[in-house]
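As a basis for the values below, the full set of heavy atoms in this structure was taken, side chains included, without hydrogen atoms, waters or symmetry mates. We count residues from 1, following the sequence as given.
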Amino acid sequence: MLRIFETDPDAMPKGSFSDDTVGRFHSGRSVNGLPEALSEWKATTGDPEVAAAIAQLLGGQPVETDSPNENFIEILTDAKRIKVVLSGPGAVTSDMKLWNGSVLIHHCDGVEFLSPESDKGIACGCPRLMEDRKANAKSKRGPSPSIQVMFRLAEDYDLGLFRFQTSSWKLAETLHEIGNALDKVGGEALAELSIELVEYTTKKGRDVSYFKPVVKVLKSWNDAIAEPSKSL
């Protein structure tokens with residue numbers, strides 16, 4: 001069986017990030033310099049107490065790595081699905097990026113450039129259709145999605161804010177649905193963050209499988225905590 005994976009760009013980090021998060025979740029990792037998709041979530045943090053709490057909730061063992069990044073403690077969890085709390089529509093954001101090594105050479109929203117400042121607002125020239133954008137990205141002639149999800153763990157809300165970042169085209173295709181669902185809730189929302197296996201056979205008889213990240217908005221967080229035994 002031919003396996004095609006949509007991997008997490010966090011497996012090949014491009015610099016460090018400064019934000020108020022206590023850790024990150026990943027749907028992929030780098031093994032001997034090669035990207036590898038994961039069927040269960042990987043979490044990273046720089047705080048041993050946060051790492052221990054994640055392991056207790058989701059399984060796995062905290063392991064200190066030689067990563068130069070601030071989130072150097074890794075937990076390969078046993079969880080394919082995680083209940084999370086999204087703060088609202090702004091919890092899921094997306095733009096388009098093309099990197100040359102560690103240098104960002106194209107940054108847009110699919111219609112206009114977002115950076116550098118001198119190009120901001122100028123038409124970026126990206127195709128309108130998703131399939132054409134994917135083709136350009138595959139040939140390194142265009143940007144890929146850069147999707148960021150900011151969330152708290154529903155089972156340990158006060159543990160802190162986490163971030164998941166991905167370039168998944170499959171998730172990009174559903175962003176409008178996620179946005180509509182979050183708009184409908186209006187405030188904090190209980191959601192499920194999952195890694196799903198997709199398998200199918202092409203018309204030519206080729207077996208294909210890959211993992212994709214999925215964000216599913218479930219209900220208002222206020223409604224969820226009103227009936228915790230039924231919601232979490």
Side-chain angles (χ1 to χ4, degrees), residues 5-88 90-95 97 99-104 107 115 144-168 171 188-195 211-215 221 232:
F5 300 110
E6 291 194 357
T7 56
D8 182 349
D10 287 347
M12 296 176 288
K14 300 177 177 69
S16 60
F17 296 81
S18 296
D19 52 34
D20 57 355
T21 60
V22 296
R24 301 169 68 182
F25 276 74
H26 314 252
S27 59
R29 63 177 177 174
S30 179
V31 179
N32 296 323
L34 298 176
E36 176 184 83
L38 296 171
S39 57
E40 289 86 25
W41 288 104
K42 181 183 84 170
T44 57
T45 181
D47 188 328
E49 292 185 3
V50 172
I54 292 172
Q56 183 176 6
L57 285 174
L58 306 176
Q61 292 291 331
V63 176
E64 291 192 12
T65 70
D66 58 1
S67 171
N69 295 327
E70 59 182 351
N71 295 322
F72 63 93
I73 306 174
E74 176 182 287
I75 309 98
L76 295 175
T77 78
D78 301 325
K80 298 178 184 294
R81 301 176 183 277
I82 306 170
K83 293 291 180 61
V84 302
V85 182
L86 305 177
S87 62
V92 182
T93 58
S94 176
D95 50 17
K97 294 179 179 179
W99 296 87
N100 181 9
S102 60
V103 179
L104 181 61
H107 181 205
S115 69
S144 297
S146 179
I147 303 167
Q148 181 172 266
V149 183
M150 306 292 285
F151 61 92
R152 293 175 179 270
L153 296 177
E155 293 183 276
D156 196 343
Y157 184 96
D158 293 330
L159 188 59
L161 191 65
F162 292 88
R163 179 165 60 89
F164 167 58
Q165 187 168 325
T166 179
S167 61
S168 168
L171 184 57
E188 287 189 308
L190 176 67
E192 183 179 75
L193 190 62
S194 63
I195 298 176
F211 293 104
K212 67 174 183 178
V214 176
V215 177
W221 177 237
L232 302 180

Return the set of residues passing side chain to side chain donor-acceptor pair (under 3.5 Å) with Thr45 (not counting sequence neighbours), or none when no residue passes. none

Which of Leu76, Ile195, Ile75 passes side-chain contact (heavy atoms from CB on, under 4.5 Å) with Lys42? Answer is Leu76

Applying salt bridge (charged side-chain N to carboxylate O under 4.0 Å, His left out), can you list everything that pairs with Glu188, at least two apart in sequence or on another chain? none

Answer whether the closest heavy-atom distance between the side chains of Lys83 and Glu155 falls below 4.5 Å. no

Is the closest basic N to carboxylate O distance between Lys80 and Glu40 below 4.0 Å? yes

Side chain to side chain contact (heavy atoms under 4.5 Å, CB included) with Ser115: which residues, sequence neighbours excluded? Leu104, His107

Tell me which donor-acceptor pairs under 3.5 Å the side chains of residues 52-66 have, and how far apart each pair is, sequence neighbours excluded?
{"from": "Thr65", "atom 1": "OG1", "to": "Ser67", "atom 2": "N", "distance (Å)": "3.3"}
{"from": "Thr65", "atom 1": "OG1", "to": "Phe72", "atom 2": "O", "distance (Å)": "2.8"}

To the nearest 0.5 Å, atom OH of Tyr157 lies from atom CH2 of Trp221 at 8.0 Å

Val103: partners by side chain to side chain contact (heavy atoms under 4.5 Å, CB included), with sequence neighbours left out: Ile105

Closest non-hydrogen atoms of Val50 and Phe162, given as atom of the first, atom of the second and distance, are CG1-CZ, 3.9 Å

Heavy atoms only: give me the nearest Asn71-Gly46 pair and the separation to one decimal. OD1-N, 3.4 Å

Smallest separation among heavy atoms of Leu171 and Thr166, with atom names: CD2-CG2, 3.6 Å

CD1-CD distance between Ile147 and Gln165, expressed to the nearest 0.5 angstrom: 9.5 Å

Roughly how far apart are Phe151 CZ and Leu190 CG, rounded to 0.5 Å? 13.0 Å

Where do Met150 and Leu86 come nearest, in terms of heavy atoms and distance? O-CD2, 3.6 Å

Once rounded to the nearest 0.5 Å, what's the spacing between atom CG of Leu153 and atom CG of Asp158? 11.0 Å

Report the distance from atom OG of Ser87 to atom CZ of Arg152, rounding to the nearest 0.5 Å. 9.0 Å

All heavy atoms of Thr77 vs all of Trp41, minimum pair found to be OG1-O, 2.7 Å

Could you tell me the separation between the OG1 atom of Thr44 and the CZ atom of Arg29, rounded to the nearest 0.5 Å? 13.0 Å

